[in-house]
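The block underneath contains the structure these notes are about, expressed in structure tokens.
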Amino acid sequence: MHTWTLLVALLAAAALAYHVGRKRAIATAGGSGRINTLHSLPAYYGFYAAMWAAIPALLLLGLWLGVQDQVITTLVKASLPPQSVAELTPGALGLLMNDVKNVASGNIASGAVTPAIQTAADHYARLQHLARWTQWLLVLAISVAGMSFAWSQTRPTMRARNRVESVVLGVLILFSSIAVLTTLGIVLSVVFESWQFFQKIAPSEFFLGTLWSPQTAMRADQVAADGAFGAVPLFTGTLLVSFIAMMVAVPIGLMAAIYLSEYAPRKVRSVAKPLLEILAGIPTVVYGFFAALTLAPVIRDLGEQLGFAVASESALAAGLVMGIMIIPFVSSLSDDVINAVPQAMRDGSYALGATQSETIRRVVIPAALPGIVGGVLLAVSRAIGETMIVVMAAGLTANLTANPLASVTTVTVQIVTLLTGDQEFDSAKTLAAFALGLTLFLVTLTLNIIALHIVRKYREQYE
Amino acid sequence: MNALASEIVRDTGAVSAADLARGGHFSGTIGDITTPDPRMVCREVNVWYGDKHAIKDVSLDIGNHQVVAMIGPSGCGKSTFLRCLNRMNDTIDGCRVRGSITLDGQEIYDKGLDPVPLRAQVGMVFQKPNPFPKSIYENVAYGARIHGLTNSKAELDALVETSLRKAGLWNEVKDRLDQPGTGLSGGQQQRLCIARTIAVSPEVILMDEPCSALDPIATAIIEELIDELREQYSIAIVTHSMQQAARVSQRTAYFHLGDLVEVGETTQVFTNPRHKLTEDYITGRFG
Ligand SMILES: Nc1ncnc2c1ncn2[C@@H]1O[C@H](COP(=O)(O)OP(=O)(O)OP(=O)(O)O)[C@@H](O)[C@H]1O
Ligand SMILES: [Mg+2]
């Protein structure tokens with residue numbers, strides 16, 4: 001008697017309704033020879049009936065499941081002996097109710113099972129049993145009612161197709177709004193938590209302070225620093241790593257794109273392009289341990305031989321590997337925009353006696369430049385938001401430095417460290433993660449908007 | 001060479017369109033393929049796109065200070081032939097060219113010859129105006145810059161101005177040289193492309209349906225311009241407009257399915273075509 005059996009039953013009801021509705025439509029038309037007198041194809045009448053059989057019942061079921069537990073809990077709470085509840089705090093009452101539920105479902109309770117709890121648990125189980133049966137009956141009744149409504153509606157003039165399509169449209173809108181609403185919800189929650197953070201720490205300290213040390217005392221008697229939330233070292237660390245990454249990705253990606261789109265024979269292109277794009281498919285955690293375990297030691301050894309002091313976790317290692325990860329972004333976006341430059345431009349240049357390299361340098365690249373810049377900006381926002389590689393390879397110390405051989409930390413790394421481990425949820429330390437997240441979000445959003453704008457403008461130029 | 005030419009001048013009116021379509025053998029071009037003062041001499045040119053034989057044994061002279069019009073139904077190989085003349089076909093994968101084409105006596109398909117400087121001598125204007133997404137000034141200065149034709153800003157300015165004047169565009173754009181060439185009207189863009197081509201002082205100018213994207217007024221301006229340009233350059237023009245061919249050209253060549261069917265003085269070809277196919281085409285029976 002689980003809910004999913006009910007769902008299967010509903011599905012069966014819908015399938016039945018489809019067949020019945022279809023048959024009914026054909027019958028009202030006067031037999032299968034006269035289907036053309038129907039407003040819509042018979043299948044639409046079937047779908048129409050299936051929708052009436054399934055959708056209202058599903059809605060009821062959803063509503064029911066949403067409130068059932070709440071209602072039963074309230075009822076059981078009310079039935080508890082008043083003297084045993086009176087002096088309990090809301091938290092303790094919640095614990096008590098948990099025990100009741102555990103006992104009711106045969107799990108282990110947190111404490112001794114008193115007779116009061118036992119009675120409450122029995123009561124709870126009884127109510128649940130009852131609820132389940134009523135739920136079955138009600139849902140199936142609604143389904144049957146829907147089906148018969150559809151039956152009564154079915155006649156040749158009924159615009160079944162239009163009705164079905166408007167329901168489908170509604171479902172599509174619902175699902176697309178889920179994506180939008182989720183985004184909105186995330187943004188709002190981040191904004192709200194950041195707001196709380198800025199109540200505790202002044203924005204000026206956060207955005208201008210140069211000391212980052214978010215360790216705060218968890219208990220009043222603990223010996224710990226007060227916590228310093230100057231995020232400048234994180235911003236500079238992020239910028240440094242991203243800068244190194246772009247120094248790797250932009251030249252390599254651009255050169256690869258130029259070679260692939262202008263020089264490479266078709267065969268080479270058909271092999272090399274997918275290979276390059278595989279780079280984008282490697283999980284970032286793999287890049288991360290490649291950076292931390294392979295590249296970082298190499299850089300340190302090299303640096304030591306040359307007489308530099310190199311931290312074993314360095315901005316350079318993280319940046320280099322991140323750059324490699326980003327190459328396919330730059331190359332495939334640039335490749336697209338270079339290919340979008342019309343052949344007529346190249347022909348015009350060749351016809352004036354320009355060589356291929358002159359044509360690329362003076363016509364193709366300038367024409368594609370806005371699109372390339374757009375692609376690079378998208379890659380930058382990817383670099384800024386990248387987490388795994390820097391967590392593993394860049395380190396945790398918030399150094400305010402421009403030295404690529406030193407260990408730095410980034411905004412994303414700090415968000416991870418702030419939120420992993422035990423802490424109170426409303427401490428400044430935890431809330432700082434939201435403020436960092438909001439900053440990161442705003443920066444990458446701005447970059448993306450600018451980039452998309454540039455890319456789109458460029459696309460229109462030749463149309 | 002003259003012996004070959006006189007051999008080719010034969011009157012064979014017997015091949016019908018249906019014969020050609022069936023792959024029947026085409027027995028040679030009618031009319032005089034030579035001119036007394038040729039700039040470019042093409043002999044037995046064949047072009048293949050992969051397996052497709054697009055140009056078959058075409059021989060034709062491009063005369064000095066003369067406009068040669070190439071007409072013929074769509075897909076007959078006019079553009080292909082034109083693109084042979086400055087080796088633009090080199091940029092197409094799978095395109096092979098055989099035969100002999102000379103410019104001022106120099107074989108342009110010689111192994112050792114670099115097509116890049118050749119294209120500065122044989123300029124090309126395309127069907128769709130294709131100005132670079134640069135300023136009007138930079139569009140015209142482009143060729144001069146890559147070939148290092150001028151030594152100073154003043155010289156370059158002067159070159160841009162004379163080129164734009166020759167293309168009849170100067171008065172319309174002299175106040176907006178720094179604005180993008182793509183912002184001009186279609187007819188102006190096409191004249192800009194002509195100015196750009198003139199600026200590298202070519203000897204021959206090839207035009208592939210230069211007016212097909214233009215309205216009648218812009219077309220008339222360009223036709224007038226072509227007539228003026230003839231005094232300094234040799235011109236080969238592909239056109240779908242019989243009237244245009246009659247108005248601007250001195251000689252006309254009629255192509256059909258990769259063959260050069262008939263060549264002659266424009267007036268003769270239009271008033272008294274000698275081949276059945278030419279007659280059918282210019283009287284509008286097909287094409
Ligand atoms: N790049 C190419 N690859 C393969 N075949 C081609 C290519 N370009 C042209 N062809 C073929 O060669 C033949 C001649 O084409 P061409 O473009 O020279 O014709 P055209 O006379 O200029 O026609 P139109 O008047 O329509 O411009 C056509 O059959 C065409 O399909
Ligand atoms: Mg053509």
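Values in this document were obtained by computation on a predicted structure and should not be read as measured data. Numbers restart at 1 for each chain; the letters A, B, ... are given by sequence-line order, proteins then strands.
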Open item on the list: If you define the side chain from C-beta out and look only at heavy atoms, does anything of B:Pro133 sit under 4.5 Å from A:Met345?
Closed with: yes

Task: B:Phe132, part contacting chain A, at a heavy-atom distance under 4.5 Å - done: both

Task: B:Val125 versus chain A, the contacting section by heavy-atom distance below 4.5 Å - done: neither

Task: More than 12 heavy atoms from other groups under 6.0 Å of OH on B:Tyr109 - done: yes

Task: Taking every non-hydrogen atom, the tightest pair across B:Tyr142 and A:Glu358 - done: OH-O, 4.0 Å

Open item on the list: For the residue pair A:Tyr350 / B:Thr91, report whether a side-chain donor-acceptor contact shorter than 3.5 Å exists.
Closed with: no

Task: Working for side-chain contact (heavy atoms from CB on, under 4.5 Å), residues A:Thr355 and B:Arg119 - done: CA-CA 10 Å; A:Thr355 63; B:Arg119 295 196 192 118; over 6 Å; no

- [ ] Could you look at A:Arg346 and say if it's the side chain, the backbone, both or neither that has a heavy atom under 4.5 Å from chain B?
- [x] neither

- [ ] Please report the shortest heavy-atom distance between B:Lys134 and A:Arg362, naming the atom on each side.
- [x] NZ-O, 2.5 Å

Task: chain A-proximal positions within residues 192-202 of chain B [heavy-atom distance under 4.5 Å] - done: B:Arg196, B:Thr197, B:Val200

Task: Contact summary for B:Asp93 and A:Arg266, nearest pair of heavy atoms - done: OD2-NH2, 3.5 Å

TODO: Any chance you could measure B:Asn86, atom CG, to A:Leu352, atom CG, to the nearest 0.5 Å?
DONE: 10.0 Å

Task: Leading residue by heavy atom contact count with chain A [cutoff under 4.5 Å; candidates B:Gly143, B:Pro115, B:Ala120] - done: B:Ala120

Task: Interface residue of largest heavy-atom contact number with chain B, from A:Ala344, A:Ala351, A:Ala354, A:Pro366, under 4.5 Å - done: A:Ala351

Open item on the list: Looking only at heavy atoms and a cut-off of under 4.5 Å, which of B:Arg87, B:Met124, B:Met88, B:Arg83 has the most pairs with chain A?
Closed with: B:Met88

Task: Side chain / backbone / both / neither for B:Asp90 at chain A, heavy atoms under 4.5 Å - done: neither

